[in-house]
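These numbers come from a predicted model, not from an experiment.
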Amino acid sequence: MRQLCKGNVAIVKGALLAGCRSYYGYPITPASEIAEAAAEYMPQVGGTFLQAESEVAAINMVYGAASAGLRVMTASSGPGISLMQEGISYLAGSELPCVIVDVVRGGPGLGNIAPEQSDYFALVKGGGHGNYKNIVVAPASVQEMADLTRLAFELADRYRNPAVVLTDGFIGQMMEPLELQAVESVQPEKPWAVKGTRETRKNLIASIYLEPDELEAHVRKLEEKYKKAAEVESRHELYRAEDPEVLLVGYGITSRVLRSVVDMMRKEGVRAGLFRPITLWPFPAEALRHAARRAQMVLVVEMSTGQMVEDVRLTLDGRVDVEFYGRTGGNVPMADEVCKELTERMGMTAEWGV
Amino acid sequence: MDEYQVIESKSPVFYDKYERKAELQHQTHYCPGCGHGVVHKLIAEAIADMGVQDRTILVTPVGCSVFAYYYFDMGNVQAAHGRAPAVATAVKRSNPESIVIGYQGDGDLAAIGTAEIVHAANRGEKITIFFVNNAIYGMTGGQLAPTTLVGQFSTTSPWGRRPSNEGYPLRMAELLATLEAPVYIERVALCDNKNIMKARKAVRKALELQRDGAGFSFIEILSPCPTIWKMTPQEARKWIEEKMLAVFPLGVFRDRKLAPMADGVPQTTVTKLLGLDKPLEVVTRPMAVKDSQPDLTVKIAGFGGQGVLLLGQILAEMGMREGREVSWLPSYGPEMRSGSAHCHVCLSKERVGSPVIEHPDVLIAMNEPSLHKFSKMVEAHGTILYNNHKLPAGLPPCEAKIYCVPASEIADGLGTTKATNMVMLGALLELTHTLPRETALALLKAKVRNVKLLDVDCQAIDAGMACLRKQLGSSTDAHAHDGELAPCS
C-alpha cells in the first residue's frame, strides 16, 4: 500500500524489510527521526535499539553487532559522522558490513542544521584513515530512502564493507508517498562471524596486520574487491538525456531541482538533460561519459563549494567544458536561479522568474 | 624443520601453538615477568572449568594485549583503542547466549575509553571487563597513564607525575562503584601468590556471574610491567605491594544482585508494524477525473502550534489518496521551536521535481508576519488565504488575490482554536476544487480517534468552505489587493 512517509522514517522501514534488527546511534538534527523510528520499531520486532553515549561509541557498537553477523545500522549528520570516521575505517579494515546514514547538514564545524551536500568528500573519498572505500548511495526521494537503504544492506553484505546512505536534511525531513513490498530480504550466510558457537570459535575479527607484506596483501585484497564493485555496482538515472547539448549533473535533492530546470530549458528550446548518480561510489563514470558524449557543456550543481564536480571532471577528462554552480549554508538552489546561471554561461539571454 | 612440540601442559582454552612468533610457538609476545600471562592463565582456567569455551568471545583492546587472540582459542573481536566496552556491548546483545569478555589496559580503559567503560557499566551490560592496571603505557614504550602514580617517571612525565600538571591517578574500580547497575566490582593485585589466588577467585566469580545472567562485572588487576618500570620481576611485584596498593586499595567494591527487570515492549511482526497488512482506507477516483484537475502548490506558514505542518500533511495525504504525486516539505529545527513554522505541499500528476516551492499557487498565511514575508512569492495568478478579518496596514502590493478567512475566530466559535487549520483547509478546498471534501472527511475519520474532536474538525472544514464561498460568490475581483478590501464577514 501507499503511505505518506517522512524520508528519515522511510530509512528505518527499508532497513526493517532488509532484515535489520539492530540500531545503535546518537541523536542529531536533522537525522534524529531515524533514531526515533528505530527506537519505536526495533524492540517491537525483537530487535535492538540503543542510544549510545556518543557517535564514537555508536559506530563501535555497530562494529560489535556486525562482528556477530547481524545486519546493523546507525545514522547521524556531519559532526557525528566526523566522530564515526575512525570506526568506519576499522569496519572497512575488518571487512564488516553495515549501513551508515548521513543526513547532511551545513558545515564545517557546528555549521547549521539546514541541508547541504558537503559531506561528499568525507564519505565518498574516505574520511577515515587508510586505503578503503565506502559504498555510497544517494536517494532523491522518500521512496528511494527505503529502497536504497535496502540496497545498501545488500551491497554491504555482498562486499563485506560499510555502505553509506548519503542524503540531506530536505530528503530526510520531507514526506512523500512510499510503497513497500511486504517481502523481507533473504540474508546471506556469514560463516566468518563471531557468534559464540563451536562452529565460529576459530573466527577472528581484526584489522591489524603488523607485517608489511601481510598488510599489503590485505590492502590488495580490499582493492580487488573495490575494483569488482566498481565494475558492476554503479547506478544512475537519466532524464531527457538522449540528445543533450547541456548535461546537468546532480544527486539527491539537487537532482530534483535539476529535473525542473531541464523542463524549463527545454521549453526555451535548449536541449537540456539530467544525469543523476544514484551510487556516488562506485561513481557511474562510464554512463556519464556516454551521456555527455555530444554535450557542449556539463553543469554540475551541488549544495557545496564543489565536491562531486571533481569526479565529473576526472571522468570527462577535459573532453567537454565542465561548469559548476553551488550553494551552501542550507540554501537550496532554485530552478530559476540555475536556469539563469546556465543561460548566462551559454551566452544566452532569457528572463527567469519574477 | 621438524614439527614444533609443546611439552608443558596448558589450558585447552589456549591454542596449542602461538602463531604470533614463528620461531617460538610456545611463548607469548609478553615480556618476562609481565602480568598479562598470569591474567590470561586465570581467565583460561576459569573458562575451561566452566566448560564455556565455545560460547566465550574475547574483545581485545589496543595495547600490549592486542594480540591476545593468538593465545585464546575462542571467538575473537579486536576493537579500536578504548572502545572494547562499546564493541562488547553489541557483541553481547547480538549473541545473548555468549559470554563476552572485554580485556583492557589502563590507557585503553581509563584514558581514551573512559566514556565507553562508564556507560557500559552504567547500562549494566551483561559483560565482564578485566582491567589490567600497570600504571604505565606499555606497548608504546612507557608514557604516562591515567593511573600513573604521583611522582612516577614516564617518558611523558620526565619529572615524575605532577598533580599540578597531570592531576591524580584515576581509581576506576571506585569510580564505577558509584553507579547503580554493576553487580560485581573488585580490585586484585598480582604482587604475590596469595594475591594471585585471590585474583583467580575474582576472575572466576565475575565469569560465573555473567554465565548466570547477573549483570556487569569488573575486575581491576594491579599488574607488573618490569620492562617499562625498569625493574626485575621480583622488584616489580614488590613495587606493586609497596607503592600501588597505597593508591589503589584492594577489595570488593560492589557485590550485589539486581532485582529482575521487566522489558515490557509489546511484540509484533514487521508487516503489521509497517501497516503492510492493511488496504488503503479511501478508495481512489478513476484517473480520468484526476487528469482534469490542475497541479497545485501550496505554502502554509504561521506560528508553531497553529497546525501549520499538520495541515500540510493532511493536504499531501489527500492528494496521495486521490492518486496524485505529492510532496510535503517542512521547515525544521530551532526555527520551528522558536515560534515560526512553514511547509510546502506539491500535488502533481507527474513525479514532483523540486519540493521547494519558489512561487506557490496558494499561500496560507496563518499570521501577519507570514503574510508580510511570503506574499510577494505567490504566483501572479495565485491566491493568498489570510487568517484574519482584514489585511494589515503597510502590506506591499502583490499580484495575487487575497481572501481574508478569520480561521482562528471561526475555530474559537466552534469550541477550540485547534481547529484553525481545518477552517483553512475548508477554505482551500472551496477555492481550488482540486480535492473533494469527502476525501478530507474520510481521512480525518481514519486519523482522529476522538469523536468529539472529529466532529469539530468536520464543522471547521464546512465553516471554512462557507466563509470562502460567500466571498467568491459576492465578487470575483473585489478582493484583489489594490487598495480597498471588503471585510470577510
Side-chain angles (χ1 to χ4, degrees), chain A residues 1-4 13 16-17 22 24 29-30 41 43-46 48 50 52-54 56-57 60-65 67-68 70 86-87 90 113 169-170 173-177 180 182 184 194-198 200-201 203-208 256-257 259-260 263 332 334-336 353-354, chain B residues 53-57 59 66 69 73-80 83 86-91 93-95 97-100 115-116 118-119 265-271 273-280 313 316-317 320 325-330 332-334 351-356 358-359:
Chain A
M1 68 165 274
R2 271 188 135 199
Q3 48 184 282
L4 192 66
K13 292 184 174 181
L16 283 169
L17 290 172
S22 301
Y24 298 88
T29 307
Y41 295 155
Q44 290 191 62
V45 288
T48 301
L50 184 59
E53 58 270 27
S54 67
V56 173
N60 282 283
M61 290 172 183
V62 167
Y63 182 97
S67 298
L70 299 191
E86 181 206 32
Y90 272 75
I113 57 168
F170 268 5
Q173 295 294 325
M174 69 190 280
M175 285 179 111
E176 284 185 323
L180 297 171
E184 280 197 55
V194 173
K195 298 177 179 173
T197 58
R198 179 178 295 260
T200 64
R201 198 179 84 194
N203 289 347
L204 164 68
I205 304 295
S207 59
I208 181 170
R256 303 273 298 251
V257 179
R259 229 181 134 83
S260 304
D263 291 339
V332 181
M334 295 286 179
D336 281 356
V354 250
Chain B
Q53 181 177 6
D54 284 341
R55 61 185 177 109
T56 304
I57 300 171
V59 180
V66 64
Y69 56 77
D73 180 2
M74 51 177 71
N76 278 286
V77 179
Q78 204 287 309
R83 317 304 173 209
V87 173
T89 290
V91 167
R93 286 179 181 232
S94 303
N95 303 302
E97 299 304 316
S98 63
I99 293 184
V100 178
E116 283 76 12
V118 169
H119 286 274
V265 177
Q267 294 297 299
T268 182
T269 64
V270 170
T271 311
L273 190 65
L274 301 185
L276 304 181
D277 54 339
K278 280 182 256 160
L280 201 60
Q313 279 181 26
E317 187 142 6
M320 185 186 79
E325 292 299 331
V326 301
S327 68
W328 171 87
L329 180 72
Y332 63 87
R351 185 167 141 183
V352 178
S354 174
V356 189
E358 293 163 78
H359 309 294

Side chain, backbone, both or neither of B:A88 within contact of chain A (heavy atoms, under 4.5 Å):
neither
Rounded distance (nearest 0.5 Å) linking atom NZ of A:K13 with atom CG of B:L273
8.5 Å
Residue B:E97 versus chain A: region with a heavy atom under 4.5 Å:
neither
Against chain A, label B:T268 side chain, backbone, both or neither, depending on which of its atoms sit under 4.5 Å from a heavy atom there.
both
Mind ranking A:G87, A:A52, A:G169 by heavy-atom pairs under 4.5 Å with chain B and telling me who comes out on top?
A:G169
Contact between A:M174 and A:R256 at the side-chain level, heavy atoms closer than 4.5 Å - yes or no?
yes
Enter the distance from B:Q313:CD to A:M175:CE here, rounded to the nearest 0.5 Å.
4.0 Å
Who wins among A:L204, A:L16, A:V332 for the most heavy-atom pairs under 4.5 Å with chain B?
A:L204
Side chain / backbone / both / neither for A:V45 at chain B, heavy atoms under 4.5 Å
both
So do the side chains of A:M334 and A:S260 get within less than 4.5 Å of each other, counting heavy atoms only?
no
Listed by chain and number, what are the salt bridge (Lys or Arg N to Asp or Glu O under 4.0 Å) partners of B:R93, not counting sequence neighbours?
B:E125
Give, as side chain, backbone, both or neither, the part of A:R259 having an atom under 4.5 angstrom from any heavy atom of chain B.
side chain
Which bit of A:T48 is near chain B, if near means a heavy-atom gap under 4.5 Å: side chain, backbone, both or neither?
side chain
Check whether A:Y90 gets within reach of chain B through its side chain, its backbone, both or neither, counting any heavy atom under 4.5 Å.
side chain
What part of A:L70 is in contact with chain B, defined as an atom under 4.5 angstrom from a non-hydrogen atom: side chain, backbone, both or neither?
side chain
Does a side-chain N-to-carboxylate-O contact under 4.0 Å join B:R83 and A:E53?
no
Taking B:T56, B:V59, B:D73 one by one, which has the highest count of heavy-atom pairs under 4.5 Å against chain A?
B:D73
Between B:V265 and chain A, which part of the residue has a heavy atom less than 4.5 Å away: side chain, backbone, both or neither?
side chain
Which region of B:I57, side chain (C-beta onward) or backbone (N, CA, C, O), has a non-hydrogen atom less than 4.5 Å from a non-hydrogen atom of chain A, or is it both or neither?
side chain
Who wins among A:V62, A:I208, A:D263 for the most heavy-atom pairs under 4.5 Å with chain B?
A:I208
Can you tell me which portion of A:Y24 sits under 4.5 Å from chain B's heavy atoms? Options are side chain, backbone, both or neither.
side chain
Could you tell me whether the side chain of B:L329 reaches within less than 4.5 Å of the side chain of B:V356, counting heavy atoms only?
yes
Going by salt bridge (Lys or Arg N to Asp or Glu O under 4.0 Å), name the residues that satisfy it together with B:E358, two or more places apart in sequence or in a different chain.
none
Quick one, A:N203 and A:K195 - any side-chain contact, counting heavy atoms below 4.5 Å?
no
Side chain / backbone / both / neither for B:V66 at chain A, heavy atoms under 4.5 Å
side chain
Provide the closest heavy-atom pair for B:V326 versus A:E176 in the form atom of the first, atom of the second, distance.
O-CG, 3.5 Å
Just so I understand: if I count every heavy-atom pair under 4.5 Å between each of B:A316, B:S98, B:P355 and chain A, which residue has the most?
B:P355
Beyond-backbone contact of B:L276 with A:L17, side-chain heavy atoms, under 4.5 angstrom
yes
